[in-house]
Engineer: 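I have a structure I would like to understand better, so I am pasting it below and will then ask my questions one at a time.
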Amino acid sequence: MKDMGFRGMILTYAAETVFDHSTQAQNGQRVTALTSKQGDVSINAPVYQCPSIEAWREGTVQTIYMTEAEDYLAVKLTGAGVKVTEAFAAGELPPQQMMDALDEVCTKAKDRKVRILVDAESQHFQKGISRVALELMRKYNRDGYATIYNTYQAYLKSTPVTLANHLAVANEDGFTLGLKLVRGAYMATDERSLIHDTKEDTDNAYNTIAQGALRKNIGEFGDKGSRDFPSVNLFLASHNKESVVAAHQLHKHRVMSGLPTVPVRFAQLHGMSDEVSFSLLQMNDGDGTPEVYKCSTWGSMGECLAYLLRRAIENRDAVLRTDSEYRALKKEAFRRAKAVFSLSSSP
């Protein structure tokens, strides 16, 4: 991937728990079984170490050692099982064993110069997940840049309020807010009333937040509001070409004009929207921007099932993109061939 011009990779250990609002059921490999050498372990038992949390820790640490400097680790916290998801559903922090595992993961990642993206998940768990992300950002984002990013879903009607609250916390506590922005991928299982009524509303919400961050003006934060804009690092994960191209052009314009802005990087999923990724790469005019990443998920088939089902839903309109993908790939192949020819003909 890096040989093709990508800045790096985002790696994700796939284990997760998905809450289906329509059935009020949780689905995940570690939802029902909690066992250890001592036998069955109650989710409320404080004596034994939870094997599901330990399995999540091992898989996540293993993922860190697959990465290199400037890569990203994306974490799905619900993959740690019932003890963790019950705490999240109540809007609480998870057991200390999980917090200790997260500290280990963050420390090891930071030592390797790898940054962490805390994935957004089912809204049933999201309040607790966001609490964890804020705690980690408060602790690890103290060097003038974000090691930890929280994920904000633009398709949720509540996201502007959530983001404003987190900007306020970052401002008051003096840490860098890691702002990873996505449209959202849980429409099939989340409560529909929480999500914008139309795709246009979601697109407008995404672009408003992305471009607001790049202008350092969001709501009451920035020179157009009443509060200072805190330190923010922006990560735009999107398969929408219009959104990411507009964001890159705005960022480049502000940098060249000496206007205030924030660092920004871009990402698409491995195996999806290559047209978008290659279009961004082709906009690089020698200054190293835009910095584009590809996200790859690994795990057993069972662990990856929820991820694969979401991608299947997301790709229902893939046929409509086939022609543009083909043209983009053809253009990219020509670009690489031209680069190789230029190198071979150099003195």
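Values in this document were obtained by computation on a predicted structure and should not be read as measured data.
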Engineer: Sort and list the pairs that fulfil ring pair (Phe, Tyr, Trp, His ring centres under 6.0 Å) and have at least one residue in residues 181-218, not counting sequence neighbours.
Structural biologist: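 Not a single pair qualifies under ring pair (Phe, Tyr, Trp, His ring centres under 6.0 Å).
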Engineer: Does a donor on one side chain and an acceptor on the other come within less than 3.5 Å for Q153 and Q123?
Structural biologist: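 Side-chain D/A pair, Q153 to Q123: present.
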Engineer: Which residues pass the ring-ring contact (aromatic ring centres under 6.0 Å, His included) test with F19, not counting sequence neighbours?
Structural biologist: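 If we apply the ring-ring contact (aromatic ring centres under 6.0 Å, His included) test to F19, skipping adjacent residues, the hits are H124.
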Engineer: At what distance, to the nearest 0.5 angstrom, does CZ of R192 lie from CE of M187?
Structural biologist: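 R192 atom CZ to M187 atom CE measures 4.5 Å (nearest 0.5 Å).
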Engineer: Enumerate the salt bridge (charged side-chain N to carboxylate O under 4.0 Å, His left out) contacts for residues 232-245, please, sequence neighbours excluded, ordered by first and then second residue.
Structural biologist: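 Checked against salt bridge (charged side-chain N to carboxylate O under 4.0 Å, His left out) - neighbours excluded - the pairs reaching residues 232-245 are K241-E275.
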Engineer: Under the rule for side-chain contact (heavy atoms from CB on, under 4.5 Å), what residues qualify as partners of R138, not counting sequence neighbours?
Structural biologist: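 Residues passing side-chain contact (heavy atoms from CB on, under 4.5 Å) with R138: E135, R142, V169, D173, F175.
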Engineer: Taking atom CG of L73 and atom OG1 of T147, what is their separation to the nearest 0.5 Å?
Structural biologist: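 OG1 of T147 is found 12.0 Å from CG of L73.
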Engineer: Please round to the nearest 0.5 Å and tell me the distance separating atom OH of Y65 and atom CZ of R112.
Structural biologist: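 Rounded to the nearest 0.5 Å, the OH-CZ separation comes to 7.0 Å.
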Engineer: Using modelled atom types only, decide if a donor and an acceptor are shared between the side chain of N141 and the backbone of A146 within a distance under 3.5 Å.
Structural biologist: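 A pair under 3.5 Å: no.
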Engineer: Is the side chain of T159 donor-acceptor paired with the backbone N or O of Y155 at a distance under 3.5 Å, no angle test?
Structural biologist: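 Checking the backbone N and O of Y155 against the side chain of T159, no donor-acceptor pair under 3.5 Å is found.
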Engineer: Tell me if a side-chain donor or acceptor on R183 pairs with a main-chain N or O of S238 at a distance below 3.5 Å.
Structural biologist: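 Judged by distance alone, no pair lies under 3.5 Å.
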Engineer: Could you work out, with side-chain contact (heavy atoms from CB on, under 4.5 Å) as the rule, every residue matching D223, not counting sequence neighbours?
Structural biologist: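 Per chain and number, D223 pairs via side-chain contact (heavy atoms from CB on, under 4.5 Å) with N217.
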Engineer: I'd like to know if the side chain of N27 reaches the main chain of D20, judged simply by a donor and an acceptor atom lying under 3.5 Å from each other, with no hydrogens or angles considered.
Structural biologist: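 Absent.
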Engineer: D3: what forms a salt bridge (Lys or Arg N to Asp or Glu O under 4.0 Å) with it, not counting sequence neighbours?
Structural biologist: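 Salt bridge (Lys or Arg N to Asp or Glu O under 4.0 Å) check on D3 returns nothing, list empty.
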Engineer: Hey, does the side chain of Q268 reach the backbone of V276 with a donor-acceptor pair shorter than 3.5 angstrom?
Structural biologist: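 Answer holds: no.
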Engineer: For K224, look at atom NZ and say whether over 12 heavy atoms of other residues, nucleotides or ligands are found less than 6.0 Å away.
Structural biologist: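 No, not enclosed.
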Engineer: Are any non-hydrogen side-chain atoms of K83 and S52 less than 4.5 angstrom apart?
Structural biologist: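 Of all side-chain heavy-atom pairs linking S52 with K83, none is under 4.5 Å.
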Engineer: Who are the side-chain contact (heavy atoms from CB on, under 4.5 Å) partners of E58, not counting sequence neighbours?
Structural biologist: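 For E58 the side-chain contact (heavy atoms from CB on, under 4.5 Å) partners, ignoring immediate neighbours, are E54.
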Engineer: L177 and A170: which non-hydrogen atoms are nearest, and at how many Å?
Structural biologist: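 Minimum heavy-atom separation between L177 and A170: CB-CB, 4.1 Å.
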Engineer: Taking K252 for its side chain and P290 for its backbone only, find out whether a donor-acceptor pair lies under 3.5 Å.
Structural biologist: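 The answer is no, because no donor-acceptor pair under 3.5 Å joins these two groups.
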Engineer: Sub-3.5 Å donor-acceptor pair from the side chain of T85 to the main-chain atoms of V82, do we have one?
Structural biologist: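 Judged by distance alone, yes, a pair lies under 3.5 Å.
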Engineer: Side chain to side chain donor-acceptor pair (under 3.5 Å), that's the test. Do E200 and T198 meet it? Break it down for me.
Structural biologist: CA-CA 5 Å; E200 182 181 7; T198 67; 5.0 Å; no
Engineer: Could K139 and D103 be called an ion pair, given the rule that one side-chain N must be under 4.0 Å from one carboxylate O?
Structural biologist: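 D103 and K139: salt-bridged.
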Engineer: Tell me every residue that passes side chain to side chain donor-acceptor pair (under 3.5 Å) with Q249, counting only those two or more places apart in sequence or in another chain.
Structural biologist: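 Residues passing side chain to side chain donor-acceptor pair (under 3.5 Å) with Q249: none at all.
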Engineer: Under the ring-ring contact (aromatic ring centres under 6.0 Å, His included) rule, collect the residues that match up with H166, sequence neighbours excluded.
Structural biologist: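 Only Y152 meet the ring-ring contact (aromatic ring centres under 6.0 Å, His included) criterion with H166.
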Engineer: Identify every side-chain donor-acceptor pair in residues 257-267 under 3.5 Å, counting partners at least two apart or on other chains, and give the distances.
Structural biologist:
{"residue": "S257", "atom": "OG", "partner": "H253", "partner atom": "O", "Å": "2.8"}
{"residue": "T261", "atom": "OG1", "partner": "L214", "partner atom": "O", "Å": "2.8"}
{"residue": "R265", "atom": "NE", "partner": "E291", "partner atom": "OE1", "Å": "3.3"}
{"residue": "R265", "atom": "NH1", "partner": "E70", "partner atom": "OE1", "Å": "3.3"}
{"residue": "R265", "atom": "NH1", "partner": "Y72", "partner atom": "OH", "Å": "3.0"}
{"residue": "R265", "atom": "NH1", "partner": "Y293", "partner atom": "OH", "Å": "3.1"}
{"residue": "R265", "atom": "NH2", "partner": "E70", "partner atom": "OE1", "Å": "2.9"}
{"residue": "R265", "atom": "NH2", "partner": "E291", "partner atom": "OE2", "Å": "3.3"}

Engineer: Which residues pass the side-chain contact (heavy atoms from CB on, under 4.5 Å) test with T151, sequence neighbours left out?
Structural biologist: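 Per chain and number, T151 pairs via side-chain contact (heavy atoms from CB on, under 4.5 Å) with D119, A120, K180, V182.
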Engineer: Below 4.5 Å, heavy atoms only, C-beta onward: do V114 and I64 meet side chain to side chain?
Structural biologist: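 They are not in contact (no side-chain heavy atoms under 4.5 Å apart), so the answer is no.
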Engineer: Listed by chain and number, what are the side chain to side chain donor-acceptor pair (under 3.5 Å) partners of K127, not counting sequence neighbours?
Structural biologist: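 With sequence neighbours excluded, K127 shows a side chain to side chain donor-acceptor pair (under 3.5 Å) to no residue whatsoever.
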